[in-house]
Amino acid sequence: MTTPQLTLYNTLTRTKAPFTPLDPSNVRMYVCGPTVYDFAHIGNARPVIVFDVLFRLLRHTYGAEQVTYVRNITDVDDKINARALRDFPNLPLNEAIRRVTERTEDQFLSDVAALGTLDPTIQPRATDNIAEMQTLISDLLAKEHAYNAAGEVLFDVKSMPDYGQLSGRNLEDNLAGARIAVEAHKKNPADFVLWKQSADNEPGWDSPWGRGRPGWHIECSAMSERYLGQTFDIHGGGLDLIFPHHENEIAQSRCAHGTHAMATVWMHNGFLQVEGQKMSKSLGNFVTINDLLQTGAMGGHAWSGDVLRLAMLMTHYREPIDFSVKRLDEAEGKLRDWQRAARDAEPSDTEAPDEAVITALSDDLNFHRASVAIDALAKLAGREGGEAFKARLAATLTFLGFGLDTLLTSDDGWVEPPHIAAAIAQRLEALNAKNFAEADRLRDELAEQGIALMDYKDPETGERRTKWESKR
RNA sequence: GGCCACGUGGCGGAGUGGUGACGCAGCGGAUUGCAAAUCCGCGUACUCCGGUUCAAUUCCGGACGUGGCCUCCA
């Protein structure tokens, strides 16, 4: 079977087009990662999950060793400084910052691992790439795309004739907005900082322009160049990064290198609301990945990471999502159906994921269409003689980053709490004595604990058996 | 104010210039001590107004609505 042609929507051209890697033996993707100052929220999880699916698809299409995926860790930022001062007021600043960034980075990595994501090939930190950033800034100054003013190095947007291509805005539009505070030392209000000076109580690095720290966009230009080259295939992130972040990355990289493109395809995931409202701390509906994994912040109980993953993928990545308990319930039900259907699949290293799933994903990551194919597969797997379908279903779920038994309970040697086994045995005794009232009482008692019983006949002996699952 | 997305049945969500995808929920049936699970069956939706067309939910224009960006933000 031939591999379907991958097509992707490109923000740069606002169209969907066939994807052709610059070098099929090394397909290169860069995704903007977290700024490590606080728990990642559920909105942060979306690009992580979406681009993980793309990473998996690229590995499937071009070969696992032929894909390089870089996701950075931003560990220099004024929000980090503020957090360090707040949380560790008695430590020296550098030590306090290190505590904040290490703790937050560890939390992020364990959160996203729970979401079923593969590790990116490389996860560079901004602070390990300061020298590279300085080289870029020097190049920009040498080519007169940047200037030094009031102790800052600024990018001169007027020096780039086609600035604004990605976001579809021009400098006049930006001026029309007129809400940008015009700073006197800027030649143009849209000019942005490449390097700024640090006070003694701020983190800083020595540079030709004095002790200071990098601006907000330069790190991605530096790290993508270092690990992926001056021009690479795919650059991804959230919708909100189109402007100014990605626009300015493009400006820096292209002007420094004299290239006509930084990345061929620019992909942006849509935004997310929580229960129909914009997520914000003031509304009190700010939900972190960790809240969902560990607490009852949404729906009164914790959720499995792969349920969060499916809830996120149920909607096309470019569409807005209303993240809600109802959605999570639906995702959990669907994933449980899939896991049940794949139960007892023969383990196999050679079984390939379902072709219809690959085809659907190859059409600009149409995950929902893929899930329809999985539904069909699950139905076939559940039937008599569905062994081959089971194996393919299991391979498909694994390929997509879902667990095979995270939602299963009493079957497959799942650990059964003794009190449940005892109650089930008692109930079967009552049933054999035709004492239905007592049997129903026991069943209700378990139901109150969230344990749902299901009776069925043993296929061999015709005897009544009872299985259970936790039900919320 | 400028720029950019998007508006499909109770909900989620594909897709298409011409016989209502699919899932969840719901309803009916089989099965069951009763349930659950499972299986079978059931749904005349495409924001509004114009235009193009033999034919539009699908193409074009406008209106309205929602969301995003223009300031750190996934």
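Note that the structure is predicted; figures quoted are calculated from it, not measured.
- Remark on RNA chain B: of its neighbouring residues E330(A) and M454(A), the 5'-side contact belongs to E330(A), judged by nearest-heavy-atom nucleotide.
- Across the interface with RNA chain B, nearest-nucleotide mapping of K326(A) and N44(A) shows K326(A) to be the residue nearer the 5′ end.
- In terms of polar N and O atoms assigned as donor or acceptor, the side chain of N366(A) never comes within less than 3.5 Å of the base of rG15(B) in a complementary pairing.
- Nearest nucleotide to the D440(A) side chain, out of rC34(B), rG68(B), rA5(B): rC34(B).
- With hydrogens and angles ignored, a donor-acceptor pair under 3.5 angstrom links the side chain of H41(A) to the base of rA74(B).
- Regarding R464(A), its CZ atom lies at a distance of 10 Å from the C1' atom of rA35(B), rounded to whole Å.
- In this structure, L241(A) reaches the sugar-phosphate backbone alone: every heavy-atom distance under 4.0 Å involves primed, P, OP1 or OP2 atoms, never a base.
- Counting non-hydrogen atoms under 4.0 angstrom, L272(A) reaches a base of the nucleic acid.
- When the P atom of rG23(B) is taken as reference, atom CZ of R336(A) falls 19 Å away, rounded to whole Å.
- For R327(A) and rG13(B), the shortest distance from a side-chain N or O to OP1 or OP2 is below 4.0 Å.
- Within the nucleic acid shown, R443(A) comes within 4.0 Å of at least one base atom, counting heavy atoms only.
- Taking 4.0 angstrom as the limit, K334(A) places none of its side-chain polar atoms (N or O) nearer than this to OP1 or OP2 of rC22(B).
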